[in-house]
A.B. asks: 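Please see the structure below; I have some questions.
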Amino acid sequence: MLGRTLILRILSVRDRHIHRLLKLRHIIVEPEEELSSSFTLTRKISLFKSPERMEEGPYKCVRDGNGTVNRVIRMGTRKSQLARIQTDYVAEKLKTLYPDVHLEIVAMSTIGDKILDTALSKIGEKSLFTKELENALERNEVDLVVHSLKDLPTTLPNGFTIGAVLQRESPHDAVVLHPKNSGLTLDTLPDGSVIGTSSLRRAAQLKKRFPHLEFKDIRGNLNTRLKKLDEKEDYAAIILAAAGLKRMGWEARVSQVLGPEDCMYAVGQGALAVEVRARDCDILEMVSTLHHSETVLRCIAERAFLRRLEGGCSVPVAVNTEVKDSVLSLTGAVYSLDGADSLKEAMETSVDPGNKLESAADIQHVGVTAHNVPQCAQVAAEKLGVDLANLLLSKGAMEILTTARKLNDAR
Ligand code: DPM
């Protein structure tokens, strides 16, 4: 204890001389007791090996007025306004649950943000938006990253896990009209009207349902897209996720929310996910309180379905899920690019938390770690997704998806 107090005092002296002296003498302190009131640092050792580590990591810490050392939780985010809003939202939740925690937000741009002139489905798989953030996680530059769950691949790179899936916003897609078309719907828009979307999933379903409309790629973050819609005459309307529009405060621009009969949603759409280092037990435990059980189960089923179909963001795959009276139902579909060919099936399973299975440590379901959600329900949800995918595969889903992929690559 004496050692710790002494070292902490020295650390508070921002003097290079003393720092160098300490380094020369290889002073190492390994405090045993709890360092903060809200959680314990289990990996405290390396922190105190060298005073510079206070700033450089592996974990960053600050000292408060009482001399308590608190770990700073650094939250990584993309720079887009939506990403910032989503990260701030999670930060607020954490701040309410853990008032003593020091949070810091680190914003960075990703390759996906920089390539704005190419359709999302053509520049490859989802990791475009997540790779740099994962690199920062790996290097301990950040401790957690907030994503839209639908942007996270169904298989995460080794060493990472989704530590929290928050309560889902509306998972549906919405129509945003060019102001001159105010009052119209997809149905009543004139023949040949151009609808902007880069989602093969949206285009496939809507082409089939509204054959009088034309579909054109549109890229960029939400702000860019709305600007492209409003300031030019290129698009009669664009299709965006209702959740993103709501988070941006643009609900008033939604003229129509598309139900499953018009357009089923993407896997994980509308849910926020917190990605963490799989071995960082402190952070995992901290963020696990953000899990929303029903959303976790629905998204596990959806992700298992997509994973079994070997689908990424460049395939037209859509889902619809529901939990009612402990029954989880999943509808899943695959489409050809023009929507002419499609397969759609539904299945359900019981996710009764009653017959509790021992919660095994280190168990992930399609990348999600949720110790506080009944394991048996997670197992059932994952199996539901796989079973439904297998049913579609037995009816020829792979042929439809392979052709769609090839045609999209050749576009
Ligand atoms: C993925 C897709 C899109 C995003 C493909 C799809 C839409 C691309 C487009 C996988 N990620 O949905 O079929 O429209 O060109 C994205 C958005 C959100 C997360 C924006 C949106 C916000 C909603 C959410 C982009 N990722 O879909 O309008 O948090 O689910």
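In listed order, ligands and their atoms are each counted from 1.
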A.B. asks: Select the closest option to atom 24 (C) of ligand 1 among G220, S199, G270, G244, judged by heavy-atom distance.
C.D. replies: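 Minimum heavy-atom distance to atom 24 (C) of ligand 1 goes to G270.
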A.B. asks: Just which atoms of ligand 1 are under 4.0 Å from any heavy atom in R247?
C.D. replies: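 Answer for ligand 1: 24 (C), 29 (O).
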A.B. asks: Is there a heavy atom in R225 that sits closer than 4.0 Å to ligand 1?
C.D. replies: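 True for this residue.
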A.B. asks: Can an N or O of A241 be found at a distance shorter than 3.5 Å from an N or O of ligand 1?
C.D. replies: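 It does: an N or O of A241 is found under 3.5 Å from an N or O of ligand 1.
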A.B. asks: Checking side-chain polar atoms at under 3.5 Å, does R74 have a donor or acceptor matched by the opposite partner on N140?
C.D. replies: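 No.
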A.B. asks: How about K95: does its NZ atom have over 12 heavy atoms from other parts shown lying under 6.0 Å from it?
C.D. replies: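 Counting neighbours around NZ of K95, more than 12 heavy atoms of other residues, nucleotides or ligands fall under 6.0 Å, so yes.
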A.B. asks: List ligand 1 atoms under 4.0 Å from A266, heavy atoms only on the residue side.
C.D. replies: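 Those atoms are 12 (O).
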A.B. asks: Does atom NZ of K406 have more than 12 heavy-atom neighbours, drawn from other residues, nucleotides or ligands, at distances under 6.0 Å?
C.D. replies: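 Atom NZ in K406 is not packed in, count stays at 12 or less.
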A.B. asks: Using heavy-atom distances, let me know which of K150, Q269, H147, M248 sits nearest atom 18 (C) of ligand 1.
C.D. replies: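 Comparing heavy atoms across K150, Q269, H147, M248, the nearest one to atom 18 (C) of ligand 1 lies in K150.
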A.B. asks: Does any donor atom in the side chain of Y98 or T289 lie under 3.5 Å from an acceptor atom in the other side chain?
C.D. replies: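 Indeed, the side chains of Y98 and T289 share at least one donor-acceptor pair under 3.5 Å.
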A.B. asks: Is it the side chain, the backbone, both or neither of K246 that has a heavy atom closer than 4.0 Å to ligand 1?
C.D. replies: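 For K246, there is no contact with ligand 1 at all, from either part.
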A.B. asks: Would you mind reporting whether T188 and H212 have side-chain heavy atoms less than 4.5 Å apart?
C.D. replies: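 A side-chain contact under 4.5 Å is absent here.
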A.B. asks: Side chain, backbone, both or neither: which part of R202 has a heavy atom under 4.0 Å from ligand 1?
C.D. replies: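 The part of R202 near ligand 1 is the side chain, not the backbone.
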A.B. asks: Are the side chains of V176 and Q256 in touch, meaning some heavy atoms are under 4.5 Å apart?
C.D. replies: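 Not in contact.
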A.B. asks: Side chain or backbone, does L82 bring an N or O within less than 3.5 Å of an N or O on ligand 1?
C.D. replies: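 By distance alone, the answer is no.
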A.B. asks: Using a 4.0 Å heavy-atom cut-off, say whether L240 meets ligand 1 through its side chain, its backbone, both or neither.
C.D. replies: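 The part of L240 near ligand 1 is both the backbone and the side chain.
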A.B. asks: Under a 3.5 Å threshold, yes or no: a donor from one side chain and an acceptor from the other, between E302 and T321?
C.D. replies: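 Result is yes, a qualifying pair exists.
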A.B. asks: How about N408 and R405: does a side-chain donor come under 3.5 Å of a side-chain acceptor?
C.D. replies: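 Checked: N408/R405 side chains show no N/O donor-acceptor pair below 3.5 Å.
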A.B. asks: Any non-hydrogen atom of E169 lying under 4.0 Å from ligand 1?
C.D. replies: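 Flag not set, E169 not near ligand 1.
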A.B. asks: Could you tell me, atom by atom, which parts of ligand 1 come under 4.0 Å of a heavy atom of R201?
C.D. replies: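 Near R201, meaning under 4.0 Å from one of its heavy atoms, ligand 1 has 6 (C), 12 (O), 13 (O).
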